[in-house]
Amino acid sequence: MIRWREGVAGRVRRSWAGAVELDVETPDGVVPSLAYTDLVGSPVPGDLVLLNTSAYALGLGTGGLALVVAVPDRLPADRGGPGHLVKARYTPLQATVLGVDEPDSPGHDILRDADDLQGLPVVVADLHSALPAVLAGLYAARPGTRVAYVMTDGGALPLAYSRTVASLRDSRWLAGSITVGQAFGGDLEAVTLHTGLLAARWVLDVECVVVAQGPGNLGTGTRWGFSGVAAGEAVNAVAALRGHPVAALRISAADPRPRHRGVSHHSLTAYGRVALARADVVVPDLSGAFGQRVWSAVEPLRERHHVVSVPVDGLDVALADSPVTLSSMGRGLADDREYFLACAAAGRHVAGLLPKG
């Protein structure tokens with residue numbers, strides 16, 4: 001199940017918070033690899049490293065790197081401190097973290113009886129790539145809004161994999177990040193999506209939350225076999241906590257796969273079948289035949305949701321001003337404009353739900 005390789009660390013390609021990307025010389029040649037520094041330390045040129053090359057061998061897009069499992073001759077020092085939440089449980093790289101909701105955490109007293117988001121707007125999106133686009137639409141309409149990102153465990157489990165989040169932190173577009181379920185590495189760690197949402201509201205004191213899986217998306221080409229099903233479950237969690245769920249649509253005029261052209265079946269299934277609670281489903285006001293196609297596709301969602309049309313004028317400029325390069329499935333803003341506009345429209349809608357700053 002795992003392709004193991006041994007190699008020697010070479011040139012460091014780039015690094016960001018919690019991660020180092022480097023070349024590793026192996027019997028198969030030079031392999032681009034990623035090390036999570038909080039887990040395995042920081043390899044330097046000349047180090048012997050052990051690699052998991054499974055995803056790299058499959059030629060996966062988002063996950064197309066080998067992963068450093070250990071630097072056996074230079075193991076990182078033990079780390080002390082509180083925390084007994086175990087994430088990536090019962091895997092060889094399970095990690096112990098301090099949960100915001102456990103007794104040793106300063107947030108425990110705040111969260112012990114917390115039960116209500118008090119109408120906090122929460123944008124739910126299928127793909128990780130939606131995050132900067134949602135924020136671009138929000139900040140264009142309401143600069144300075146305090147936003148938290150809650151990362152679920154449908155894609156990458158380590159938040160450190162996301163260069164997007166690292167850049168959004170640096171640009172102060174995020175007030176904080178929370179990793180929930182088996183995901184780890186956020187500013188706060190939580191056991192469930194529910195406690196993650198409550199921590200965003202009551203510990204980070206934000207005005208808005210964006211919920212999406214980490215980088216990567218598991219799909220099988222079947223109606224139900226995709227990790228984005230969790231978007232519908234997130235709508236239910238927000239509603240159960242008396243928040244205000246806002247559903248961002250996954251749409252595309254460029255995806256070569258028919259099931260994702262127009263409104264993706266991921267959105268139609270997650271919001272049309274899985275989400276049992278009422279949400280604002282944001283539809284970008286796109287012109288022409290494609291816009292009509294989108295409206296036709298979302299018509300069945302009116303039975304259980306509030307379908308909202310949001311104008312897109314000015315959003316191209318907002319998206320172009322994003323502090324991170326927009327990319328989804330290998331396509332940038334110019335390649336898949338409609339996808340990013342849909343995400344930005346959700347952010348613009350949320351700005352209208354908040355008090356005027």
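Since the model is a prediction, treat every value here as computed from it, not as a measurement.
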Derivation of the side chain to side chain contact (heavy atoms under 4.5 Å, CB included) call for Ile251 and Leu341: CA-CA 9 Å; Ile251 71 174; Leu341 284 176; over 6 Å; no
Decide side chain to side chain contact (heavy atoms under 4.5 Å, CB included) for Arg304 and Leu276; before the verdict, give the C-alpha distance in whole Å, the side-chain angles of both, and the deciding distance to 0.1 Å. CA-CA 8 Å; Arg304 66 174 67 189; Leu276 304 178; 3.7 Å; yes
Leu135 vs Leu168, test: side chain to side chain contact (heavy atoms under 4.5 Å, CB included). Steps then yes/no. CA-CA 9 Å; Leu135 295 179; Leu168 292 173; 3.9 Å; yes
CA sep, side-chain torsions, deciding dist, call: Met329, Arg257, side chain to side chain contact (heavy atoms under 4.5 Å, CB included): CA-CA 12 Å; Met329 302 292 172; Arg257 298 165 294 180; 4.2 Å; yes
Between His84 and Thr96, is a side-chain hydrogen bond (donor to acceptor under 3.5 Å, both in side chains) present by the stated rule, with each step listed? CA-CA 6 Å; His84 73 276; Thr96 304; over 6 Å; no
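No donor-acceptor distance shorter than 3.5 angstrom exists from the side chain of Arg302 to the backbone of Glu299, with no hydrogens or angles considered. Of the possible polar contacts, none joining the Asp321 side chain to the Ala318 backbone as a donor-acceptor pair under 3.5 Å is found. Looking at Thr195, its side chain does come within 3.5 Å of a backbone N or O of Thr192 through a donor-acceptor pair. Ser15 contributes no side-chain N or O that, together with a main-chain N or O of Val20, makes up a donor-acceptor pair within less than 3.5 Å. Checked by atom type and distance alone, the side chain of Gln213 pairs as donor or acceptor with a backbone atom of Asp126 at under 3.5 Å. For the pair Gln182 (side chain) and Ala88 (backbone), a donor-acceptor distance under 3.5 Å is present. A distance-only check finds no donor-acceptor pair linking the side chain of Ser177 to the backbone of Gly186 [under 3.5 Å]. Asp116 places a side-chain N or O within donor-acceptor distance of the main-chain N or O of Gln118, the cut-off being under 3.5 Å. A donor-acceptor pair is defined here as one N or O able to donate and one able to accept, closer than 3.5 Å; no such pair exists between the side chain of Ser105 and the backbone of Asp101. Side chain of Tyr139 to main chain of Thr145: a donor-acceptor pair is present (N/O by atom type, distance under 3.5 Å, no hydrogens or angles).
For the residue pair His128 and Thr164, no side-chain donor N or O sits within less than 3.5 Å of a side-chain acceptor on the partner. Between the side chains of Thr325 and Ser327, no donor-acceptor pair of N or O atoms lies under 3.5 Å. In the model, His305 has no side-chain atom that pairs as donor or acceptor with a side-chain atom of Asp280 under 3.5 Å. At a cut-off of 3.5 Å, with distance as the only test, no side-chain donor of Tyr56 or Ser33 sits close to an acceptor on the other residue. Under 3.5 Å, the side chains of Ser328 and Arg331 contain no donor-acceptor pair of N or O atoms. The closest side-chain donor-acceptor pair between Ser264 and Ser267, if any, does not fall under 3.5 angstrom.
Note that the CG atom of Leu51 and the CG atom of Leu34 stand 11.0 Å from one another [nearest 0.5 Å]. In this structure, Phe226 CZ and Asn217 CG are separated by 8.5 Å, a value rounded to the nearest 0.5 Å. How far OH of Tyr161 is from CH2 of Trp16: 7.5 Å, rounded to the nearest 0.5 Å. Of the inter-residue distances, the one linking Trp202 atom CH2 with Leu120 atom CG reads 9.5 Å to the nearest 0.5 angstrom. The structure places CD1 of Ile2 at 6.0 Å from OG of Ser54, a figure rounded to the nearest 0.5 Å. Between the CG atom in Leu188 and the CG atom in Leu98 there is a gap of 9.0 Å [rounded to 0.5 Å].
Environment of CZ in Arg172: sparse, with no more than 12 heavy atoms of neighbouring residues, nucleotides or ligands closer than 6.0 Å. Surrounding CD of Glu303 are at most 12 heavy atoms belonging to other residues, nucleotides or ligands under 6.0 Å away. The environment of Arg223 atom CZ is sparse: at most 12 non-hydrogen atoms of other residues, nucleotides or ligands sit within 6.0 angstrom.
The cluster map of Ile, Leu, Val, Met, Phe, Trp and Tyr, joined by side-chain heavy atoms under 4.5 Å apart, puts Leu204 and Val147 in different clusters. Both Phe290 and Val307 are assigned to one and the same hydrophobic cluster, defined by single-linkage of ILVMFWY side chains at heavy-atom distances under 4.5 Å. Residues Val203 and Val180 are members of one and the same hydrophobic cluster, defined by side-chain heavy-atom contacts under 4.5 angstrom among Ile, Leu, Val, Met, Phe, Trp and Tyr. Transitive grouping of hydrophobic side chains (ILVMFWY, heavy atoms separated by less than 4.5 Å) brings Val282 and Leu353 into a common cluster. Put simply, Val350 and Val209 are part of two different groups of oily side chains (I, L, V, M, F, W, Y) that touch within less than 4.5 Å, one to the next.
Side-chain contact between Ser129 and Tyr339: present, with at least one pair of heavy atoms (C-beta onward) separated by less than 4.5 Å. Side-chain contact check for Glu338 versus Leu286: some heavy-atom pair is nearer than 4.5 Å. Thr269 is listed as a side-chain neighbour of Trp224, based on a closest heavy-atom distance under 4.5 Å. Side-chain contact check for Arg201 versus Val206: every heavy-atom pair is 4.5 Å or farther apart. Looking at heavy atoms from C-beta onward, Val68 lies out of side-chain contact with Asn52 at the 4.5 angstrom threshold. Taking 4.5 Å as the limit, some side-chain heavy atom of Phe184 sits within range of a side-chain heavy atom of Leu39. Between Leu249 and Val298, the closest side-chain pair of non-hydrogen atoms falls below 4.5 Å. Within the 4.5 Å cutoff, the side chain of Glu21 has no heavy atoms near those of the Val12 side chain.
Using a cut-off of 4.0 Å between Lys/Arg side-chain N and Asp/Glu carboxylate O, Arg261 and Asp255 are scored as not salt-bridged. Arg79 and Asp38 are joined by a salt bridge, as a carboxylate oxygen and a charged side-chain nitrogen come within less than 4.0 angstrom of each other. A salt bridge links Asp115 with Arg242; the closest basic N to acidic carboxylate O contact falls under 4.0 Å. Using a 4.0 Å cut-off between charged side-chain N and carboxylate O, Asp187 and Arg169 make a salt bridge. Electrostatic pairing of Glu207 and Arg146 does not count as a salt bridge here, judged by no charged N lying under 4.0 Å from a carboxylate O. The pair Asp170-Arg163 does not count as a salt bridge, with every side-chain nitrogen at least 4.0 angstrom from each carboxylate oxygen.
Minimum heavy-atom separation, Asn236 to Ala277: OD1-N, 3.2 Å. Residues Ala190 and Val100 approach most closely at CB-CG1, 4.1 Å, considering heavy atoms. Pairing each heavy atom of Trp173 with each of Ala136, the nearest pair is CZ3-N, 3.6 Å. Summarising the geometry of Ala248 relative to Tyr271, their closest heavy-atom pair is O-OH, 3.0 Å, with the distance given to 0.1 Å. The minimum heavy-atom distance linking Val40 with Val69 is given by the pair CG1-O, 3.3 Å. Taking both residues in full, the closest heavy atoms of Ile178 and Gly196 are given as CD1-O, 3.3 Å, listed atom of the first, atom of the second, then distance.
Using the six-membered ring where Trp is involved, His260 and His266 have ring planes that are perpendicular, over 60° apart on the 30 and 60° scheme.
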